[in-house]
Number of protein chains: 2
Amino acid sequence: MRQHTKTGTDRVTIAQVAREAGVSKTSVSRYLGGEFDALSAPLRDQISKTIARLGYQPSQMARGLKGGRTRLIGMLVADILNPYSVAVLHGAEAACQKHGYTLMLCNTGNDEAREKQSLAALHSYSVEGLLFNTQGRNVTPLRELGQAAFPVVLLDRHVEGCDFDLVGLDNVKAAQLATHHLLAQGYTDIALVVQPLFGVSSRQGRQAGFLQAMAQRSDCHGETLEVDVDQPGHVATVVREYFLRRAAAGSSGRVALLAGNGMVSLQIALALQSMSLRFPDDVGLLCFDELAWSPLVGSGISTIEQPTYDIGFTAIERLLVRIHGERSVRMEMLLDPRLICRGSTASVDGHPQRALASSIVSKIRPAPMAPASGS
Amino acid sequence: MRQHTKTGTDRVTIAQVAREAGVSKTSVSRYLGGEFDALSAPLRDQISKTIARLGYQPSQMARGLKGGRTRLIGMLVADILNPYSVAVLHGAEAACQKHGYTLMLCNTGNDEAREKQSLAALHSYSVEGLLFNTQGRNVTPLRELGQAAFPVVLLDRHVEGCDFDLVGLDNVKAAQLATHHLLAQGYTDIALVVQPLFGVSSRQGRQAGFLQAMAQRSDCHGETLEVDVDQPGHVATVVREYFLRRAAAGSSGRVALLAGNGMVSLQIALALQSMSLRFPDDVGLLCFDELAWSPLVGSGISTIEQPTYDIGFTAIERLLVRIHGERSVRMEMLLDPRLICRGSTASVDGHPQRALASSIVSKIRPAPMAPASGS
DNA sequence: CTGTTAGCGCTTTCAC
DNA sequence: GTGAAAGCGCTAACAG
């Protein structure tokens, strides 16, 4: 059947198909392009059979070289170890497969240099569009893409000075939902724990929603805690100091922590464990991002779930629309969050001893010298 | 309309560089290919400057079209939602970036059809090699690649009838390590809980190691439990039945579960929770795959950690060696596991009441009608 | 409807 | 050392 050349992988070319089918390359090309109205039935049939018989697969490299239809989409991910990124990737990959596109994946590891480098790599393969989820620093190369009207869809966060479409969570709404839930459950002293706000719009959005919701309750106290999740023990330190501060302020309220994303959630859970603090007994806990283990820790961790799969899927479809030439103005697609209620935010009504700043303090020993993660 | 190309930024071509530098395309090409010994210093300098000035980036599509050096590597992943796959992907992506390659990622979702389809897609982009981690069903297309001497490295599991290189865990050793640990901790009735062995070599390897280790202890009882992690509540049912069976057998031993991978671990943890069973009090638990949440559940889950990053990284480097033409015989690179000891396998010596089959049974109610996952 | 003729951007003989 | 020319596999004018 198949001719083996000495080169190993033998590629059947359009020329071979044309020859064997007794037609011109053009006709085969038209067949590939789906221009059936320009092909007679017998010709079409003949080509179809030959392609099947030879097991011909057109080279996307060659197709792409000509006009630009590489059917390639580049995806830049800030951190492949972040479950959020993977979940979004899952949806994006599915959408690509559905539409006959292939994903080129680059992990930037939150590193500027690698981001730039990845952008260059993707460009060199003539990707038709870009899905972008990464740190907001040094966005110059991105801006250039914007000026060139290159199709880009942003994931989760804006980039200053670029008018790209965005797909993500409705962060303000989500944070409000979260805060209202905690308030309703009887918590009065709430800390939003986030990675550095810097210029990250999604984090800022969550803070805005949080602040907004807290503002309606002057009898309650809200505070934003910035943490570095890569620095072992840092979250524990910050959280401990927060507790101490609340107690020093003479607060008699119930304390809850609102984790800004999955990475923070993990560090908080670890930190609380290291301090032997339990939820909801000692402190309430609500986390952004539903994770596989959310139901498992303690009596279960309440979460704000993002429709991550949909975010990825939607983003690709939006990108495809842009690729196909739509020139409309910038569009923002914000999907809805979902509250998943578990033990970590159980109501503290009627349990005045629970989750009090003062009662926590007695449990916290002075900060240890060693990092507090692990056990 | 606009005269910009589809790709937006007007692409600088090698011809432009050559013209502006006052040299031939050939020389520029040589420069790109690093053939400096065939270039005079002034020429080289001139080209270098021009490239920088124009911001020229060669088109990989065009380069690939000619000889085949696309600098593209395809990766087929069985399940992108499996943390193992992501962790390996992380290492693989890093290695690619290090060597100037780019990853094309396809998620097959354990689906034969999509696997075949993805293989075709990857082929159509002339990837130089393939990293393959997927279900062992219908391997015909893979075999063809083997016959064509196409560079492929298998991840984690063999494929029958193919002599590709393999990078993965030393499963036999890992399972032995795990089993010996459980035995040493005083557990006597151990069940290895795995997804269907089918033809998956890694699972078989783990079972082999398990059986081997158990065989040395005729006073202990080992059993393999196959579960379907996608069927809600199935793990709970199987585990429950196991407990009941052990009790019926009149066993007075201490029971432990050995989870065959991360997916199973999660389901087991969920199942135990749904049955209100705790570890190590009611049952010992040791899981393959170290996960972010392993320290968090209960008193921490003991795990067998795989060097996932290294597996991915090594696999790519091995693939690169093959791509660069090495023709040596099939090679298997099995990396070492690491035991991480936590509360879930705490010693039960001196606690005769703990982890006994008989004591568990009293806690298990008859199987519920509804799936037992969740709460 | 169908085929002929040019290239796409780059690498690679093969001359000079 | 350097360059001209001939393609790689495919698509896209432009005829018939």
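In what follows, every chain begins at residue 1, and chains take the letters A, B, ... in the order their sequences are listed. Quick caveat: nothing in here was measured; it's all calculated off a predicted structure.
- Remark: C1' of dG7(D) and CD1 of Ile14(A) are 16 Å apart, rounded to the nearest angstrom.
- Sequence order on DNA chain C of the closest nucleotides to Val23(A) and Val28(B) puts Val23(A) first from the 5' end.
- A donor and an acceptor atom, one from each side chain of Gln16(B) and Tyr56(B), are nowhere located under 3.5 Å apart.
- In this structure, Tyr125(A) has its ring center at least 6.0 angstrom away from the ring center of Tyr125(B).
- Rounded to whole Å, the distance from CG on Leu65(A) to P on dA12(D) is 12 Å.
- With hydrogens and angles left out, the side chain of Lys66(A) and the base of dG7(C) share a donor-acceptor pair within 3.5 Å.
- A donor and an acceptor atom sit less than 3.5 Å apart, one in the side chain of Thr26(A) and one in the base of dT4(C).
- To the nearest angstrom, C1' of dT11(D) lies 9 Å from CD of Glu35(A).
- The side chain of Ser27(A) places an N or O atom within less than 4.0 Å of a non-bridging phosphate oxygen (OP1 or OP2) of dG3(C).
- For Arg30(B) and dG3(D), a side-chain-to-base donor-acceptor distance below 3.5 Å is present, hydrogens and geometry of angles not being considered.
- Between Gln46(A) atom CD and dG3(C) atom C1' there is a gap of 16 Å when expressed in whole angstrom units.
- OP1 or OP2 of dG3(D) lies within a sub-4.0 Å distance of a side-chain N or O belonging to Ser24(B).
- Taken from CG in Leu142(A) to NZ in Lys116(A), the straight-line distance is 12.0 Å, to the nearest 0.5 Å.
- Closest to the Arg63(A) side chain, of the nucleotides dT11(D), dG3(C), dT2(D), is dT11(D).
- Side-chain atoms of Ser48(A) do not come within 3.5 Å of backbone N or O of Arg44(A) as any donor-acceptor pair.
- For the pair Lys25(A) NZ and dG7(C) C1', the interatomic distance rounds to 11 Å; values are reported in whole Å.
- Here the nucleotide nearest the side chain of Ser29(B), chosen from dT2(D), dT11(C), dT4(C), is dT11(C).
- Rounding to whole angstrom units, OH of residue Tyr31(A) and P of dA12(D) are separated by 18 Å.
- With His90(B) as the fixed residue, the ring-ring contact (aromatic ring centres under 6.0 Å, His included) test singles out one of Tyr309(B), Tyr84(B), Phe313(B): Tyr309(B).
- Checking Gln97(A) against Arg114(B) by side-chain atom types alone, a donor-acceptor pair falls below 3.5 Å.
- Within 4.0 Å (heavy atoms only), Tyr56(B) reaches sugar-phosphate atoms of the nucleic acid but no base atom.
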How would DNA chain C look in dot-bracket form, 5' to 3', counting Watson-Crick and G-U wobble pairs with both distances under 3.5 Å and writing | for bases paired to another strand?
||||.|||||||||||
I'd like to know whether Val23(B) forms a side-chain contact (heavy atoms from CB on, under 4.5 Å) with Ile47(B), so could you lay out the CA-CA distance, the side-chain angles of the two residues, the decisive distance to 0.1 Å, and finally the verdict.
CA-CA 8 Å; Val23(B) 302; Ile47(B) 294 174; 4.1 Å; yes
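- In this pair, His324(A) and Tyr101(A) present their aromatic rings tilted. The plane angle is within the 30 to 60° band.
- Whole-Å rounding puts the Ile51(B) CD1 to dG9(C) C1' distance at 14 Å.
- Taking side-chain N and O atoms only, Ser40(B) has a distance below 4.0 Å to OP1 or OP2 of dT2(D).
- Following rounding to the nearest Å, Leu32(B) (CG) and dT2(D) (P) show an atom-to-atom distance of 15 Å.
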